[in-house]
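Each chain gets a letter, A, B and so on, in the order the sequences are listed, and its residues count up from 1.
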2 protein chains.
Amino acid sequence: MGMGRPREFDADVALDQAMEVFWRHGYEGATIAQLTEAMGINPPSLYACFGNKEGLLKAALNRYTKLRGVWMDGVVAAPTAREVAERMLMGIAEKQTDPANPPGCLLVQGGIACGTGSENVPFELAARRAENEDQLRERFVRAKAEGDLKPTSDPAALARYVSAVSVGMGVMASSGSDREALRQVASVAVQAVEAQSAHG
Amino acid sequence: MGMGRPREFDADVALDQAMEVFWRHGYEGATIAQLTEAMGINPPSLYACFGNKEGLLKAALNRYTKLRGVWMDGVVAAPTAREVAERMLMGIAEKQTDPANPPGCLLVQGGIACGTGSENVPFELAARRAENEDQLRERFVRAKAEGDLKPTSDPAALARYVSAVSVGMGVMASSGSDREALRQVASVAVQAVEAQSAHG
DNA sequence: CCAGAATTGTAGTGTTCACTACAGATGTGG
DNA sequence: CCACATCTGTAGTGAACACTACAATTCTGG
């Protein structure tokens with residue numbers, strides 16, 4: 001028995017294009033017509049490969065978070081909690097204003113509020129953001145154990161905080177803030193982590 | 001010449017209902033059918049009164065920002081920059097998890113990314129958020145002049161920072177974070193403003 | 001070379017969307 | 001009471017949406 005006609009497009013390349021459309025227009029704002037045009041394929045190919053629009057989003061998110069996870073590994077490798085926060089927020093200021101991508105962060109731009117039938121999309125994105133927060137929290141737990149953070153500090157709260165600032169910066173970037181404005185925010189934000197660090 | 005049949009509904013009451021729908025579903029996710037049902041009117045009444053869907057959004061935003069402006073006046077009336085930040089962020093933790101409203105903030109939930117034909121909605125929301133930031137910046141400029149903030153501090157950066165944290169908290173609230181989680185974020189965030197305060 | 005399996009492009013499907021034509025209703029000014 | 005202006009409900013409008021039926025195409029296994 002034959003294995004059928006082989007796919008003529010590269011799924012990962014197509015996902016990169018779809019990612020950009022979701023990033024720029026959000027899940028609901030992105031149309032199948034825009035997606036297929038950007039991906040260079042026709043609707044039947046899209047549905048055969050990804051199931052439906054939401055399946056395509058999840059596949060794009062998988063690809064996005066995989067790349068992001070690698071970057072986060074480098075972030076949490078910083079020697080101190082303060083430097084972790086700085087590397088993270090300054091890096092985000094760069095990435096979210098990188099002209100190679102739409103401004104902001106796909107995990108925010110993808111959809112914060114959705115209409116009937118897409119209610120779970122915002123939660124799907126939130127779950128991906130939570131993964132980053134988990135990585136941060138574990139790193140801050142270690143920092144506290146190492147005496148890098150004060151004994152009175154709350155690693156979970158710090159991780160939530162850094163995550164919240166990241167999201168806020170993403171929204172700013174998508175509505176026109178430039179790189180310098182984001183760097184200023186990051187610079188101020190780091191001082192709260194500094195305040196929780198054991199000095200010396 | 002007669003003045004025509006009088007309107008049978010209260011525009012402000014109707015706007016409150018519309019606000020809630022935009023808040024929960026976003027601009028694109030909210031349908032005219034949902035809006036008219038919540039407002040208790042029929043489509044022709046909506047279009048006669050507000051022009052179109054975007055006109056309705058702007059009218060709802062006007063009402064939202066008017067109420068919010070009153071609240072902000074109380075926030076910036078706090079005696080120090082640190083207390084301004086604390087009152088603002090702690091108040092936002094309360095408001096964004098108030099069960100009387102949808103979670104989060106209308107100026108964020110309304111729409112961060114939109115499809116073709118609604119590209120200016122995110123910018124409209126950003127402009128409203130910028131008004132809040134302006135109020136904060138002016139207050140921090142005064143705090144610096146009064147010696148409440150360090151001479152080396154950057155009032156504009158601090159205002160941007162507090163605004164960014166607010167937005168991040170709104171996204172968290174809309175994706176399920178509870179009041180205590182937001183309070184933790186606010187508590188950490190205030191420490192960055194504290195770090196820019198002249199101690200004594 | 002042939003049978004079966006999977007992909008492809010064309011050309012739609014029904015549904016839902018924002019928005020409106022129209023006729024009847026309800027007010028004001030003369 | 002009448003002319004006029006505006007609102008209201010019913011019932012749609014064309015356009016855009018996510019998604020798919022179908023036949024032609026291109027591969028593998030025997």
**Request:** Might you work through the salt bridge (Lys or Arg N to Asp or Glu O under 4.0 Å) test for A:Glu20 and A:Arg24, ending with a clear yes or no?
**Result:** CA-CA 6 Å; A:Glu20 156 121 11; A:Arg24 197 173 297 279; 2.8 Å; yes
**Asked** With a 3.5 Å cut-off and no angle check, do the side chains of A:Asn62 and A:Arg128 form a donor-acceptor pair?
**Response** yes
**Side chain proximity check, B:Phe9 to B:Cys49, heavy atoms < 4.5 angstrom** = yes
**Asked** Of the residues in residues 4-15 of chain B, which ones touch DNA chain D at a heavy-atom distance under 4.0 Å?
**Response** B:Gly4, B:Arg5, B:Pro6, B:Arg7, B:Glu8, B:Phe9
**Aromatic plane relationship, B:Phe22 with B:Tyr27 - under 30° parallel, 30 to 60° tilted, over 60° perpendicular** = parallel
**Item:** Near-strand residues of residues 20-54 of chain B, defined as heavy-atom separation under 4.0 angstrom from DNA chain C
**Value:** B:Ala30, B:Thr31, B:Ile32, B:Pro43, B:Pro44, B:Tyr47, B:Asn52, B:Lys53
**Message:** Could you check whether B:Arg137 pairs with B:Asp134 (Lys NZ or Arg NE/NH1/NH2 to Asp/Glu carboxylate O, under 4.0 Å)?
**Reply:** yes
**Request:** Could you tell me whether the side chains of B:Asp154 and B:Gln196 share a donor-acceptor contact shorter than 3.5 Å?
**Result:** no
**Prompt:** Counting only heavy atoms not in B:Glu94, do more than 12 fall under 6.0 Å of its CD?
**Reply:** yes
